[in-house]
Number of protein chains: 2
Amino acid sequence: MTRADRPEPGDLDLQKQVCFALYAASRALTAVYRPVLERLGLTYPQYLVMLVLWERGQTSVKALGESLQLDSGTLSPLLKRLEAAGLVDRARDPRDERSVVVSLTPAGDGLRAQATGIPRAIAEATGVPASELASLRDTLRKITEAATAAPDKETT
Amino acid sequence: MTRADRPEPGDLDLQKQVCFALYAASRALTAVYRPVLERLGLTYPQYLVMLVLWERGQTSVKALGESLQLDSGTLSPLLKRLEAAGLVDRARDPRDERSVVVSLTPAGDGLRAQATGIPRAIAEATGVPASELASLRDTLRKITEAATAAPDKETT
DNA sequence: CAAGGTTTGGTTGTGCACAACCAAAATCAT
DNA sequence: ATGATTTTGGTTGTGCACAACCAAACCTTG
């Protein structure tokens, strides 16, 4: 009956909000990646796209968007920059001209070797135990799923 | 001796990377806030600034940046938009003309009442138990601290 | 085939996020 | 006091992120 029963001023405490913790942690971790990725000539979102391509080879823009949960407004210019950097090719699928297939160039494929050490480098730089990271990752996935499925609840 | 001993292709698996989980969760949760904050005419980062102001009243740009871990390149235009919206005032501190003090207008202060219900609305929309959120928040803070203090380790 | 719809990327516009750089004010050292 | 240094915001440029809108390609169904 003391807290969490009705809105109080204290509920607007920045330090108590999970979303801010998430927002700050995401930016802080991305900042750790930045100097490492800079040597590959990649930004963090570009690195994510490359991860998918290294794993799956040819991938449509739609599939990339589903994997990374990014829409075409974000991916289109990003992929153009990767193409301009000579790391990927883009071509319409002859079987379905609506679809654009993104594939690795030799240079893009070659970058993979330089990227294999990155996850370890980041883990070491932050110094957070692997077991804790695994459990954090699972909790975050749950949050993402819950948030993605969140009802707008304004339609009633 | 099986895994996590040396870089393997599997280490480049998107689904195993904590940073992506963080990145996706942060965007997903922000997306839950978006329609709620839209009714207040705020974006999520603007809401964070307002939280600090509701809590502390007059605050310098520097102090805002420290609280939110954002730099002036992000805050300056954001504060200008809040000022244009009539929610905050900006004025040089007469005691130190380098410093700009941001304060709430009556309209900005009035918005506070409409905001008190937001944390609860988000918590309900996502449906994640409060206890879990508290522990997640603590883990995230640890990550943020570790990442912020992370050495560049390229100077040797 | 033709009219209706859906799917897929792309474009445009707004708002962060951050690096790099800049200018004015304050502070320090001599 | 005077010159060097630091502090504080601001500006500029690049790159996401997403809403809103658009066009072309597909897919029906009659």
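Please read all numbers here as calculations on a predicted model, not as lab measurements. In what follows, every chain begins at residue 1, and chains take the letters A, B, ... in the order their sequences are listed.
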(request) Looking at every strand, decide which applies to A:Leu70 at a 4.0 Å heavy-atom threshold: base, sugar-phosphate, or nothing. (result) sugar-phosphate
(request) Could you tell me how the ring of B:Tyr33 sits relative to the ring of B:Tyr47: parallel (under 30°), tilted (30 to 60°) or perpendicular (over 60°)? (result) tilted
(message) Nearest 0.5 Å, please: how far is OG in A:Ser76 from CG in A:Leu70?
(response) 11.5 Å
(request) Give A:Thr43 one of three labels, base, sugar-phosphate or nothing, depending on what nucleic acid heavy atoms sit under 4.0 Å from its own. (result) sugar-phosphate
(message) Less than 4.0 angstrom from a charged side-chain N to a carboxylate O is my criterion; do B:Glu83 and B:Arg90 meet it?
(response) yes
(message) I want to confirm an ordering. Mapping B:Glu38 and A:Leu78 to their closest nucleotides on DNA chain D, which one lands closer to the 5' end?
(response) A:Leu78
(request) With heavy atoms under 4.0 Å as the rule, sort A:Ser99 into base, sugar-phosphate or nothing. (result) sugar-phosphate
(message) Categorize B:Ser60 for me: base, sugar-phosphate, or nothing, with a 4.0 angstrom heavy-atom threshold over every strand shown.
(response) sugar-phosphate
(message) Rounded at 0.5 Å granularity, tell me how far CG in A:Leu40 sits from CG in A:Leu111.
(response) 5.0 Å
(request) Could you tell me whether B:Lys62 and B:Glu66 have a side-chain N and a carboxylate O separated by less than 4.0 Å? (result) yes
(request) On DNA chain D, check which nucleotide each of A:Asp96 and B:Gly73 is closest to and give me the residue with the more 5' one. (result) B:Gly73
(request) May I ask you to say whether B:Glu145 pairs ionically with B:Arg141, meaning some side-chain N is under 4.0 Å from a carboxylate O? (result) no
(message) Can you work out whether A:Leu79 or A:Ala31 has the more 5'-proximal nearest nucleotide on DNA chain C?
(response) A:Leu79
(request) Please find the earliest and latest nucleotides of DNA chain C, in the 5' to 3' direction, that have an atom within less than 4.0 Å of any heavy atom of chain B. (result) C:dG15 to C:dA26
